[in-house]
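Worksheet: the structure to be examined is printed underneath.
Numbers for residues simply follow the sequence, beginning at 1.
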Amino acid sequence: AEALPGLSLNPKLGQQPATVLNSLILEDHDARLSPAQALAQLRTHGELQQGNPRLGYSDSIWWLAFSVDNPGADALSLVIDNPFVDRAQLWVSVPGTDDSDTLLAGAPIGDLQPFSERAELYPNFILPLPAVTAEHFDVLLRVNSSSALNLPLALVSADSSKSLLIFSWLKSGLICGALLIMALFHLAKFSTLRNRQLGFYCATLLSATVYYCGVLGLSNLLWPEHPAAQTILLNFSGAATLIFSTLFICNLLALREPLLLRLRNILFVLIGLCAAPAVLGINDYRQQQLINILVLVNGLFQLGITLYAVKQRRPFAKSLLLLWSAVFILLIILPLSRLGVLPNEPILNDLSLYLPILSFFMFGLLSAMQLEQVRVDLLSSQRQAIDNLRRYQALFNHAGEGILRCTRAGMILEANPCMMQLLAPATQQTCLVGMPIQSLLKVTDWNHLLRQLSDDHPTVSGECQLRDHHGHT
């Protein structure tokens with residue numbers, strides 16, 4: 001039998017995980033192979049995989065194998081840094097011995113099982129290797145998933161797995177906590193301002209917070225006995241994040257063109273239809289593949305409308321393009337990577353966690369800048385209105401003609417000094433306020449003027465006789 005790609009553990013590395021860089025992979029379309037048959041076929045027909053195995057979307061069973069040199073024969077665990085693995089199980093065999101055909105099985109694990117049944121309560125997966133005394137042994141892994149199967153593998157000692165757990169949960173808490181704090185802060189602003197744009201931004205932040213709680217495993221801590229809760233939360237919150245972020249961008253850039261709105265609404269309907277089966281508990285790789293394509297389409301749509309707004313010289317368009325560029329890149333590169341169009345670099349996984357937080361923070365600053373501009377415009381408009389009122393009052397009081405202001409029903413609201421002098425030198429202005437104008441005009445004259453007023457003719461002119469407050473004409 002051919003030797004498997006090897007991984008040599010260095011005792012000097014201590015607590016550091018050792019990444020599995022090379023392995024053999026084999027696809028089992030019909031799920032008919034036993035572990036012994038799979039290991040034999042891997043040795044003869046296995047495909048060498050360098051780096052993280054990227055297996056794409058498939059309903060097949062995948063087998064992976066590699067050998068380990070473990071000086072000191074320490075107890076080890078295999079780390080799979082991917083939360084979306086439906087089922088996984090590993091076996092260990094010691095080649096070159098009498099019982100080399102015996103495969104020692106580890107406990108099965110996967111995201112379809114309750115979180116509380118895992119050997120290690122890790123956000124992703126930690127599989128303890130069956131205990132062997134040999135320093136050299138082979139590891140066989142069987143996995144399948146309805147998501148894009150990417151398998152960052154690493155070996156850690158049993159002692160260092162505890163520190164890995166602490167670090168992972170701290171990272172999950174910091175990321176989700178930062179998003180939650182930003183969401184609550186902007187939600188408090190929205191409760192005061194009641195601004196639609198700010199409302200869309202709050203909804204985007206809250207949806208993203210729920211999504212990252214699912215990705216980083218915090219939802220499993222809330223519902224450890226319900227494995228379907230993570231899938232439902234991820235699909236629902238992921239779809240909501242795409243929809244609300246697009247609504248926020250359209251509102252921020254004041255994009256109301258009918259064609260853009262129709263395309264946006266069609267995209268929303270497709271996202272909702274694709275997310276609905278997973279929310280209902282239906283989990284299929286083709287549905288997940290379609291969602292991935294819609295994430296790509298949504299990213300291209302957001303980038304396209306932003307570039308259109310830049311071309312139209314809309315306010316804040318350039319700032320949006322700059323601050324949201326990291327999210328645009330992730331919404332395009334990550335789906336292409338899952339589809340196998342672009343190489344799957346490990347740094348993308350880290351960027352997908354930290355870049356959105358930075359973008360959301362910068363996005364919040366952009367929203368605050370726009371709201372501040374709205375506040376400044378409102379104050380300017382208020383000052384302009386006050387100035388206009390003062391100018392009107394000065395013209396009203398010092399006009400050489402008699403002026404009075406009344407309602408359409410004829411109730412007098414105010415009269416200028418010239419009007420008071422015209423009626424009678426002794427008449428006080430307070431005597432006219434609240435009086436019906438019909439007491440100063442003939443009823444027929446007033447009705448004749450009213451009939452001439454309309455939206456097309458807002459002003460009318462004519463001659464009429466006035467009576468003073470004593471009834472003299």
Side-chain angles (χ1 to χ4, degrees), residues 25 27-29 31 49 51-64 79-89 108-115 118 122-127 141-153 172 208 210-220 226-242 271 273-299 330-346 348-353:
I25 61 173
E27 185 175 8
D28 184 5
H29 294 282
Q49 177 72 42
N52 294 337
R54 185 185 62 195
L55 310 178
Y57 293 92
S58 170
D59 60 349
S60 300
I61 299 294
W62 291 89
W63 297 88
L64 294 87
V79 179
I80 303 177
D81 266 331
N82 184 349
F84 310 117
V85 177
D86 292 350
R87 299 176 187 84
Q89 188 174 9
I109 202 171
D111 59 17
L112 300 181
Q113 298 179 356
F115 186 72
R118 298 185 187 182
Y122 183 62
N124 298 325
F125 298 100
I126 294 182
L127 290 77
L141 178 66
R142 180 179 66 187
V143 295
N144 75 293
S145 176
S146 57
S147 300
L149 199 50
N150 174 40
L151 295 176
L153 303 176
S172 300
V210 175
Y211 178 80
Y212 276 93
C213 284
V215 170
L216 298 174
L218 294 179
S219 60
N220 288 327
H226 303 281
Q230 183 185 32
T231 302
I232 294 174
L233 279 178
L234 284 171
N235 284 273
F236 177 77
S237 60
T241 302
L242 295 177
I271 292 174
L273 290 176
C274 290
V279 173
L280 297 175
I282 302 173
N283 203 16
D284 185 81
Y285 80 95
R286 286 163 293 195
Q287 176 245 352
Q288 295 296 329
Q289 190 174 25
L290 186 55
I291 289 179
N292 183 65
I293 295 174
L294 287 177
V295 171
L296 173 62
V297 173
N298 189 82
L330 288 177
L331 287 176
I332 296 173
I333 291 181
L334 281 179
L336 291 177
S337 175
R338 292 168 184 162
L339 293 172
V341 178
L342 296 178
N344 182 25
E345 299 295 336
L348 288 178
N349 296 324
D350 295 329
L351 291 178
S352 64
L353 294 178

Do we see a donor-acceptor contact under 3.5 Å between the side chains of D81 and Y122?
yes

Please find the pair of heavy atoms, one from L216 and one from P123, that lie closest to each other, and give the distance.
O-CB, 3.4 Å

My understanding is that only residues two or more places apart in sequence, or in another chain, count here; which of them pass side-chain contact (heavy atoms from CB on, under 4.5 Å) with N292?
Y57, P335, R338, L339

Measure across A275 and Q287 and return the closest heavy-atom pair with its distance rounded to 0.1 Å.
CA-NE2, 4.4 Å

Inter-residue atom distance Y212.OH - S237.OG, 0.5 Å rounding:
10.5 Å

How far apart are the closest heavy atoms of G110 and R118, and which atoms are they?
O-NH2, 4.2 Å

Say you draw a straight line from OG of S147 to CG of D111; how long is it, rounded to the nearest 0.5 Å?
7.0 Å

Between L331 and G299, the two heavy atoms sitting closest are CB-CA, 3.8 Å

From CG (L64) to CD (Q49), nearest 0.5 Å:
8.0 Å

Report the residues that fulfil side-chain contact (heavy atoms from CB on, under 4.5 Å) with N144, sequence neighbours left out, ordered by chain and then residue number.
I61, D86, R87

What residues form a side-chain hydrogen bond (donor to acceptor under 3.5 Å, both in side chains) with N82, not counting sequence neighbours?
none

Can you tell if the side chain of L151 reaches within under 4.5 Å of the side chain of V85, non-hydrogen atoms only?
yes

CG-CZ distance between N150 and F84, expressed to the nearest 0.5 angstrom
11.0 Å

Distance check, rounded to the nearest 0.5 Å: L290 atom CG versus Y285 atom OH?
12.5 Å

Between A208 and T241, which heavy-atom pair has the shortest distance, and what is it?
N-OG1, 3.3 Å

Set of residues satisfying side-chain hydrogen bond (donor to acceptor under 3.5 Å, both in side chains) with respect to N298, sequence neighbours excluded:
T246

Contacts of R286 that satisfy side-chain hydrogen bond (donor to acceptor under 3.5 Å, both in side chains) - sequence neighbours left out:
D284

Could you give me the CA-CA distance, side-chain angles and deciding distance for L141 and L153, then say whether side chain to side chain contact (heavy atoms under 4.5 Å, CB included) is met?
CA-CA 11 Å; L141 178 66; L153 303 176; 4.2 Å; yes

What closest approach, in Å, do P108 and Q113 show between heavy atoms, and which atom pair accounts for it?
O-OE1, 3.4 Å

Those residues that, when tested against R142, pass side-chain hydrogen bond (donor to acceptor under 3.5 Å, both in side chains) (two or more places apart)
Q89

Using 0.5 Å steps for rounding, measure from the CG atom of L233 to the OG atom of S219.
5.5 Å

